[in-house]
Amino acid sequence: VQLQASGGGLVQAGGSLRLSCAASGRTLRNYGMGWFRQAPGKEREFVAAFGSDGSTWHADSVKGRFTISRDNDKNTLYLQMNNLKPEDTSVYSCAASARGIWLNDPRNYDYWGQGTQVTVSS
């Protein structure tokens, strides 16, 4: 499975971005999917996850601003990010979990895409 994240960029505070994570090599319909981010010098942080049963989870820090979604027909995961803040600046990565449980824990993911940089200026 290969995951390709895209959509990052530079945006002013209050702006929006939409990240995409396209999968190839295998259908991810039965996988749990997630977004994580990591800023320089910091640990990887859970952002949002989408279970194979349609359940979604969002970190408290992004609730009400970010929305995770997926299109199984396109084998693609999305992260809509609104009202961005400077503290959202980070490298965002997508991941797929065959086990599909505890999706807020990066250790439960089997496949990772390369990150896409999101920079929010104040």
Side-chain angles (χ1 to χ4, degrees):
V1 177
Q2 291 185 329
L3 303 175
Q4 179 76 35
S6 61
L10 173 64
V11 63
Q12 288 188 332
S16 299
L17 284 173
R18 188 194 194 203
L19 304 184
S20 298
C21 175
S24 61
R26 182 177 299 178
T27 177
L28 296 182
R29 187 178 301 272
N30 296 320
Y31 284 69
M33 301 289 294
W35 287 100
F36 291 80
R37 65 187 182 186
Q38 188 167 20
K42 294 188 177 181
E43 292 187 355
R44 181 177 287 169
E45 177 188 16
F46 168 75
V47 177
F50 202 117
S52 58
D53 63 352
S55 300
T56 60
W57 298 266
H58 295 80
D60 288 343
S61 59
V62 306
K63 275 182 183 176
R65 301 188 298 121
F66 292 10
T67 303
I68 191 171
S69 63
R70 67 192 291 174
D71 186 331
N72 287 332
D73 290 337
K74 294 183 178 180
N75 226 20
T76 301
L77 179 74
Y78 302 99
L79 185 68
Q80 178 66 44
M81 304 186 296
N82 298 327
N83 191 21
L84 282 159
K85 303 176 181 180
E87 51 264 42
D88 295 319
T89 294
S90 193
V91 175
Y92 286 71
S93 300
C94 58
S97 170
R99 284 156 286 183
I101 58 173
W102 298 112
L103 293 176
N104 60 335
D105 188 337
R107 294 172 296 179
N108 290 323
Y109 286 82
D110 305 288
Y111 305 101
W112 289 85
Q114 94 296 346
T116 184
Q117 177 71 46
V118 171
T119 303
V120 185
S121 62
S122 57

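When reading the values below, keep in mind they use all heavy atoms of this one structure, side chains included, and skip hydrogens, waters and symmetry mates. Throughout, numbering of the chain's residues begins at 1 and tracks the sequence.
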Rounding to 0.5 Å, atoms CZ (Arg37) and CD (Glu87) come to a distance of 8.0 Å
Any non-hydrogen side-chain atom of Asn82 less than 4.5 Å from a side-chain atom of Ser16? yes
Roughly how far, to the nearest 0.5 Å, is the CZ atom of Arg70 from the CZ atom of Arg29? 8.5 Å
Contact between Asn104 and Trp57 at the side-chain level, heavy atoms closer than 4.5 Å - yes or no? no
For Cys94 and Ala5, the nearest pair of non-hydrogen atoms, with its separation, is SG-CB, 4.1 Å
Within a radius of less than 6.0 Å around CD of Gln117, do more than 12 heavy atoms belonging to other residues, nucleotides or ligands occur? yes
Is there side-chain contact between Ser61 and Glu45, with heavy atoms separated by less than 4.5 Å? yes
Nearest 0.5 angstrom please: Met33 CE to Thr56 OG1, how far? 14.5 Å
What's the separation between atom SG in Cys21 and atom CD in Gln4, rounded to the nearest 0.5 Å? 8.5 Å
So which atom in Gly32 and which in Tyr109 form the shortest heavy-atom distance, rounded to 0.1 Å? O-CE2, 4.2 Å
Closest approach of Asp110 to Ala98 (non-hydrogen atoms, all atoms of both residues): OD2-N, 2.7 Å
Minimal heavy-atom distance between Gln38 and Lys42, with the atoms involved, is NE2-O, 3.0 Å
With a 4.5 Å limit on heavy-atom distance, are the side chains of Val1 and Leu28 in contact? yes
Within the distance-only criterion (no hydrogens, no angle test), does the side chain of Thr89 pair as donor or acceptor with the backbone N or O of Thr119 below 3.5 angstrom? no
Do you reckon Leu3 sits in the same ILVMFWY cluster as Phe50, going by side-chain contacts under 4.5 Å, direct or chained? yes
State, to 0.1 Å, how close Trp112 and Ser93 come at their nearest heavy-atom pair, and which atoms those are. CE3-CB, 4.2 Å
Name of the residue among Val118, Asp88, Val62 meeting side chain to side chain contact (heavy atoms under 4.5 Å, CB included) with Met81: Val118
Any side-chain to backbone donor/acceptor pair from Ser20 onto Ser6? Under 3.5 Å, distance only. no
For Asp71, is there any backbone N or O sitting under 3.5 Å from a side-chain donor or acceptor partner on Thr76? no
Please check if Leu84 and Ile68 belong to a single hydrophobic cluster, counting links between Ile, Leu, Val, Met, Phe, Trp and Tyr side chain heavy atoms closer than 4.5 Å. yes
Report yes or no: does His58 contribute a side-chain atom to a donor-acceptor pair with the main-chain N or O of Gly64 at less than 3.5 Å? no
Could you tell me the separation between the CG atom of Leu103 and the CZ atom of Phe36, rounded to the nearest 0.5 Å? 7.5 Å
Applying side-chain contact (heavy atoms from CB on, under 4.5 Å) to Tyr78 and Arg18, what does each step give before you reach the verdict? CA-CA 7 Å; Tyr78 302 99; Arg18 188 194 194 203; 3.6 Å; yes
Working for salt bridge (charged side-chain N to carboxylate O under 4.0 Å, His left out), residues Asp105 and Arg99: CA-CA 12 Å; Asp105 188 337; Arg99 284 156 286 183; over 6 Å; no
Asn108 side chain to Trp102 main-chain N or O, any donor-acceptor pair under 3.5 Å? yes
Min side-chain heavy-atom separation Val47-Leu79 under 4.5 Å: yes
Any link between Trp35 and Val11 through a network of hydrophobic side chains (Ile, Leu, Val, Met, Phe, Trp, Tyr) touching at under 4.5 Å? yes
Go through the side-chain N and O atoms of Tyr31 and Arg26 and say whether any donor and acceptor fall under 3.5 Å apart. yes
Are Leu77 and Tyr111 in one and the same hydrophobic cluster, where Ile, Leu, Val, Met, Phe, Trp and Tyr link if side-chain heavy atoms are under 4.5 Å apart? yes
Interatomic distance, CG@Asn72 vs OG1@Thr27, rounded to 0.5 Å, equals 6.5 Å
